[in-house]
There are 2 protein chains.
Amino acid sequence: MDSSTISKPHERLAATLDGEMTAVNELIRTRMTSEHAPRIPEVTAHLIEAGGKRLRPMLTLAAARLCGYQGEHHVRLAATVEFIHTATLLHDDVVDESGQRRGRPTANLLWDNKSSVLVGDYLFSRSFQLMVETGSLRVLDILANASATIAEGEVLQMTAAQDLRTDEAVYLQIVRGKTAALFSAAMQVGGVIAKAPESQVHALFDYGDALGIAFQIADDLLDYQGDAKETGKNVGDDFRERKLTLPVIKAVAQATTEERTFWERTIEKGRQEDGDLEHALELMNKYGTFDATRADANAWAAKAKSSLESLPDGEIRTMLSELADYVVSRLN
Amino acid sequence: MDSSTISKPHERLAATLDGEMTAVNELIRTRMTSEHAPRIPEVTAHLIEAGGKRLRPMLTLAAARLCGYQGEHHVRLAATVEFIHTATLLHDDVVDESGQRRGRPTANLLWDNKSSVLVGDYLFSRSFQLMVETGSLRVLDILANASATIAEGEVLQMTAAQDLRTDEAVYLQIVRGKTAALFSAAMQVGGVIAKAPESQVHALFDYGDALGIAFQIADDLLDYQGDAKETGKNVGDDFRERKLTLPVIKAVAQATTEERTFWERTIEKGRQEDGDLEHALELMNKYGTFDATRADANAWAAKAKSSLESLPDGEIRTMLSELADYVVSRLN
């Protein structure tokens, strides 16, 4: 397929990295099996074959290729990153008591919470085995730190989610944990395995970090402003689930005493009534927090793009730059 | 304290390794903190400070000392092993829906399932960081494989637990996953970090494997034959929870058609009535499965002891040998 005729940058990346992505998918299929416990590939296949965009493994392959890597370890690392991502999704669904993921019933609903917890643990162990096979202690260090940041961010989200004291700094930490840590590690290990100079590894990290943050802020804004047909979610799901995301945090920071009482009742205490979502939207519009949130997402996307400047020019770099535009294009 | 006056071998080991165990406990306390998410040390402290025997980290320290190790990485590895163990306990309690652990309410009861899942993930990541710090790829390989065996064993236990086709081979795999894999890895990494010859590393693995299996078989037998005051459990808890452990598996293997119907109803279908536990005990006595199970546990303990023969003689080796006797002494 000629990648220039494809409109979405991640699809162009997928077309360009087609052979390597096939190898990654094959490795994922091989390693998600278990000789003794057939429940493991059942649960994993349900999630992995639901067809996510495979964005994270693609970032690893792109970073390795960008830095001129010629070996085969980047395929292992890409599978590692997808296994870590899948493991966190399985655990998230238990934590969130979710019923749907990627438009299908979640594993915890189809099987049970036990299966989601234990199969998640298994995939995490499998990812660990894969990265050991690369023989790179630096890669292991990066992914160990990313794993800790992810888990810490999840705990932080759980405890801070309904606490009005959660400010933009805490929000950013949560976003780094739930999204950006794996994006940045995925980029970084691609460069490390290619033995790229330290300045390039640093730039790869910065790109992944900023892209992940832009991606998550955009997601949180779309929850309030998106087209339900495109996002597959109803407007205000986060409000109903009492999630303190950026548009709300910005409105709370400027709230009058009366408005603060409204946020305390609806978010902290979770006592919501008819018309509350509409009032919340009014307050966020009043303080222009949707515009401010959009500006933040755009700024992170711009930071991602500028991080690419010190990296080798070419097709891959162009696509990564377009990908940064794309994650916020739905907002503009 | 003079270790010769202490009667239990693991307490003698603890006294002998006192200084290093203090360093391990200090490292655990330091690394279980989280700058951002105070829920993490709360949950971890609840479990870690409940005072388990710290058997697994002690095995790592003992193996390293036995092989003449002079460095400090064994302390990191001992903390690693305890973190992995604690992480699996947190996830087990969610899976088993347990209410008690080490005589205290479980974390999932005191906080919630979410906290147990996510804090378990965090501790697993922390263990991963600690082992990377040792700089030994061999250690990482051993612990990655042990983690996969543990997770696979847990899934296998979940799916095989109430299936009468579960035979002794599957039981052994489950036991390796839930207990022996971490015992053997704990021993092995102690030898690896000490750069012990391959034959010794192999012997350390064999000792941990056999000790872990003897330990778990003894536990399963004590469920039916133990003194409730000593075990802290009621006789027959495993039967009521429909767990297929070795004494039952041996009775099922020899069952008449009528007896098989009884096991199908009580274990597979879980329809238990008054008098069923008594009948189950009768059947296990009829086929002598308690004696056969005790003989198996003793044989594994003997195998553990004989594995020690190729290792350097001295105080530590004697205590490890006595430890193998001790885990089955409650049965004899």
Side-chain angles (χ1 to χ4, degrees), chain A residues 34-40 43 87-88 90-92 94-97 111-138 140-160 170 173-174 177, chain B residues 34-40 43 87-88 90-92 94-97 111-138 140-160 170 173-174 177:
Chain A
S34 154
E35 193 187 334
H36 307 303
R39 172 70 54 86
I40 291 173
V43 172
T88 61
L90 281 167
H91 286 185
D92 274 359
V94 174
V95 168
D96 292 346
E97 292 156 14
W111 289 274
D112 44 31
N113 277 348
K114 302 177 194 193
S115 298
S116 295
V117 171
L118 296 179
V119 175
D121 288 349
Y122 183 73
L123 293 181
F124 194 64
S125 305
R126 288 302 241 176
S127 79
F128 183 12
Q129 288 178 312
L130 273 166
M131 54 184 121
V132 169
E133 288 172 27
T134 68
S136 164
L137 279 164
R138 177 84 190 279
L140 285 155
D141 186 44
I142 290 166
L143 291 167
N145 292 336
S147 299
T149 304
I150 292 168
E152 196 174 22
E154 300 267 8
V155 178
L156 192 59
Q157 171 167 264
M158 175 180 72
T159 51
V170 174
Q173 261 161 14
I174 294 172
Chain B
S34 154
E35 195 187 334
H36 307 303
R39 173 68 55 85
I40 292 174
V43 173
T88 61
L90 282 167
H91 286 186
D92 274 0
V94 175
V95 168
D96 292 346
E97 293 155 16
W111 289 274
D112 44 30
N113 276 347
K114 302 178 191 189
S115 299
S116 294
V117 171
L118 297 178
V119 175
D121 288 349
Y122 183 72
L123 292 182
F124 195 64
S125 307
R126 289 301 242 174
S127 80
F128 183 13
Q129 289 178 312
L130 274 167
M131 55 185 123
V132 170
E133 288 173 26
T134 68
S136 164
L137 279 165
R138 176 82 191 280
L140 285 154
D141 186 44
I142 290 166
L143 290 168
N145 292 336
S147 299
T149 304
I150 292 168
E152 195 174 24
E154 300 267 9
V155 179
L156 192 60
Q157 171 167 264
M158 177 180 71
T159 51
V170 174
Q173 262 162 13
I174 293 172

Going by side chain to side chain contact (heavy atoms under 4.5 Å, CB included), B:Val117 matches just one of A:Val155, A:Val117, A:Asp121. Which one?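 Exactly one option meets the side chain to side chain contact (heavy atoms under 4.5 Å, CB included) with B:Val117, and it is A:Val117.
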If you tally heavy-atom pairs under 4.5 Å against chain A, which of B:Leu140, B:Leu130, B:Val119 wins?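 Heavy-atom pairs under 4.5 Å are most numerous for B:Leu140.
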Approximate separation, where rounding is to 0.5 Å, of B:Ser125 OG and A:Phe124 CZ: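 Atom-to-atom, B:Ser125:OG and A:Phe124:CZ are 4.5 Å apart.
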Could you tell me the separation between the NE2 atom of A:His91 and the NE2 atom of B:His91, rounded to the nearest 0.5 Å?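 Here the interatomic distance stands at 5.5 Å.
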Compare every heavy atom of B:Leu118 with every heavy atom of A:Ala151, then report the nearest pair and how far apart it is.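 Shortest heavy-atom separation between A:Ala151 and B:Leu118 comes out as CB-O, 4.3 Å.
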What option among A:Arg126, A:Gln129, A:Met131, A:Glu133 has the most heavy-atom pairs under 4.5 Å with chain B?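 Most pairs with chain B among the choices: A:Gln129.
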